[in-house]
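Order of the sequence lines sets the chain letters (A, B, ...), proteins ahead of strands, with each chain counted from 1.
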Amino acid sequence: MRNPCDKRGTNRGAWSKEEDRKLIDYIRLHGEGCWRSLPKAAGLLRCGESCRLRWINYLRPDVKRGNFKEDEADLIIKLHALLGNRWSLIAGRLPGRTDNEVKNYWNSHLRKKLKSMGVDPDNHRLTQKAPLRRSRSSHSASLSTDAVTSHENMKKCSSTVLPDLNLDLTICTPSSLEGQRLDRTATPTLLLFH
DNA sequence: AATAAGCGCAACCGCCTGGAC
DNA sequence: GGTCCAGGCGGTTGCGCTTAT
């Protein structure tokens with residue numbers, strides 16, 4: 001945003017229960033709409049972006065609170081190996097989890113966990129002093145070249161689907177992507193250039 | 001018991017993208 | 001095609017709590 005928040009006359013920092021209640025009540029009545037005009041309409045002295053984050057990361061009824069389970073952590077590691085820091089895509093595969101939550105969990109827990117296992121958390125490769133064998137998360141997927149991407153403009157690519165992750169894995173040349181923009185909200189697609 | 005250090009999480013910041021005009 | 005606006009996103013910050021000394 002070019003001018004994300006007009007800081008004059010707006011509250012900042014932690015939300016009070018009263019502010020939470022106003023935001024919840026407003027969204028229950030009117031739904032998620034124009035975030036920029038929402039604060040005024042809801043009687044909140046916050047910027048729209050602050051309201052959006054508070055709702056998405058904390059107040060939304062389907063947000064799952066509490067510790068990550070082992071299978072969730074395992075899935076995050078697998079997805080991070082494939083997608084990198086695409087937190088919203090990763091969170092999209094974890095029902096009830098938000099991108100912010102996944103990102104925080106990665107930075108505070110999983111990075112250390114991988115490092116202690118001798119795995120570089122940035123590229124999921126074994127470090128030289130690796131004490132343990134290769135993590136499952138860094139295994140590459142087996143490819144079936146008969147699968148064909150559904151994207152019309154990726155005709156030069158071959159792809160496969162990773163059913164356990166619900167991911168499209170696409171192999172293509174950089175030239176086949178010329179003039180394209182990647183849709184950040186679409187089904188996660190891993191692109192391998194060759 | 002007091003203080004420092006470390007950690008986790010919520011919130012903020014600024015960039016990117018898509019749509020409307 | 002260019003500009004502006006609004007929403008989405010990832011990186012970063014800062015506060016409060018917990019643990020160590």
Side-chain angles (χ1 to χ4, degrees), chain A residues 1-24 26-27 30-70 72-117 120-124 151-154 167-168 174 177-191:
Chain A
M1 261 172 257
R2 288 185 177 84
N3 185 20
C5 292
D6 183 356
K7 297 177 182 67
R8 292 165 299 180
T10 60
N11 291 342
R12 293 162 60 79
W15 280 63
S16 67
K17 288 185 178 178
E18 177 67 12
E19 288 177 308
D20 283 346
R21 190 189 58 76
K22 282 183 179 178
L23 182 56
I24 291 168
Y26 183 87
I27 292 177
H30 303 95
E32 296 177 40
C34 178
W35 291 108
R36 192 154 294 195
S37 61
L38 184 149
K40 191 177 178 183
L44 288 162
L45 292 173
R46 294 274 180 173
C47 68
E49 175 66 0
S50 181
C51 293
R52 188 183 73 83
L53 286 171
R54 183 64 177 170
W55 174 254
I56 288 172
N57 291 327
Y58 200 83
L59 298 176
R60 221 173 46 183
D62 57 334
V63 170
K64 193 193 289 183
R65 313 297 306 173
N67 295 337
F68 282 77
K69 294 173 186 164
E70 197 171 333
E72 289 180 302
D74 192 44
L75 183 56
I76 291 170
I77 292 169
K78 285 180 183 175
L79 288 168
H80 188 272
L82 292 169
L83 301 168
N85 296 354
R86 309 275 300 271
W87 304 117
S88 63
L89 287 180
I90 294 171
R93 304 288 133 182
L94 293 155
R97 300 296 188 185
T98 68
D99 55 352
N100 207 35
E101 204 175 6
V102 171
K103 178 172 59 182
N104 284 333
Y105 187 65
W106 173 265
N107 286 326
S108 58
H109 293 90
L110 296 180
R111 287 186 76 89
K112 291 172 197 165
K113 184 181 174 183
L114 288 183
K115 279 182 181 174
S116 72
M117 294 166 66
D120 185 335
D122 295 323
N123 57 24
H124 295 262
H151 299 295
E152 182 64 25
N153 49 7
M154 287 190 184
L167 279 171
D168 287 335
L177 289 175
E178 278 178 11
Q180 281 197 71
R181 294 169 75 171
L182 295 176
D183 183 355
R184 290 155 66 141
T185 62
T187 301
T189 300
L190 174 67
L191 299 174

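Between C/dC9 and A/Ser88, a contact under 4.0 Å exists linking OP1 or OP2 to a side-chain N or O. At least one side-chain nitrogen or oxygen of A/Trp87 sits closer than 4.0 Å to the OP1 or OP2 atom of C/dG11. The phosphate of B/dC12 (OP1 or OP2) has a side-chain N or O of A/Arg46 nearer than 4.0 angstrom. Between A/Arg36 and C/dA6 there is a side-chain N or O to OP1 or OP2 distance below 4.0 Å.
In this structure, A/Trp55 places its CH2 atom 21 Å from C1' of B/dC12, rounding to the nearest Å. One can place CZ of A/Arg52 at 7 Å from P of C/dC9, the figure rounded to the nearest angstrom. Atom CD1 of A/Ile56 is separated from atom P of C/dG7 by 11 Å (rounded to the nearest Å). Rounded to whole Å, the distance from CH2 on A/Trp106 to C1' on C/dT12 is 18 Å. Taking atom CD of A/Glu49 as the reference point, atom P of C/dG8 lies 8 Å away to the nearest angstrom. Distance NZ (A/Lys103) to P (B/dC12): 13 Å, rounded to an integer number of Å. Atom CG in A/Leu53 sits roughly 12 Å away from atom P in C/dG10 (whole-Å rounding). Rounded to whole Å, the distance from CH2 on A/Trp35 to C1' on B/dA11 is 15 Å.
Under the side-chain hydrogen bond (donor to acceptor under 3.5 Å, both in side chains) criterion, A/Asp62 pairs with A/Arg60, sequence neighbours left out. With sequence neighbours excluded, the residues satisfying side-chain hydrogen bond (donor to acceptor under 3.5 Å, both in side chains) with A/Trp55 are A/Glu32. Residues forming a side-chain contact (heavy atoms from CB on, under 4.5 Å) with A/Arg21 (at least two apart in sequence, or on another chain): A/Glu18, A/Asp25. Applying the ring-ring contact (aromatic ring centres under 6.0 Å, His included) test to A/Phe68 and every residue at least two apart in sequence or in another chain returns A/Tyr105. Shown here are the side-chain contact (heavy atoms from CB on, under 4.5 Å) partners of A/Lys112, two or more places apart in sequence or in another chain: there are none. Partners of A/Ser37 by side-chain contact (heavy atoms from CB on, under 4.5 Å), not counting sequence neighbours, listed by chain and number: A/Cys34. Checked against side-chain contact (heavy atoms from CB on, under 4.5 Å), A/Asn57 has the following partners two or more places apart in sequence or in another chain: A/Leu53, A/Thr98, A/Asp99, A/Asn100.
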Check: protein-nucleotides 8-10 of chain B nitrogen or oxygen pairs below 3.5 Å:
unit_1 : atom_1 : unit_2   : atom_2 : d
B/dG8  : OP1    : A/His109 : NE2    : 3.4
B/dG8  : OP2    : A/Ser108 : O      : 3.1
B/dG8  : OP2    : A/Lys112 : NZ     : 3.0
B/dA10 : OP1    : A/Arg65  : NH2    : 2.6
B/dA10 : O3'    : A/Arg54  : NH1    : 3.4
B/dA10 : N7     : A/Asn104 : ND2    : 3.0
B/dA10 : N6     : A/Asn104 : OD1    : 3.4

Atom pairs under 3.5 Å, N or O on each side, protein against nucleotides 19-21 of chain B: can you list them with distances?
none

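Between A/Arg111 and A/Asp122 there is a salt bridge, with a side-chain nitrogen of the basic residue lying less than 4.0 Å from a carboxylate oxygen of the acidic one.
Listed nucleotides: B/dC12, C/dG7, C/dG11. Nearest to the side chain of A/Ser50: B/dC12.
From A/Leu75, atom CG reaches atom CD1 of A/Ile90 across 9.0 Å, with rounding to the nearest 0.5 Å.
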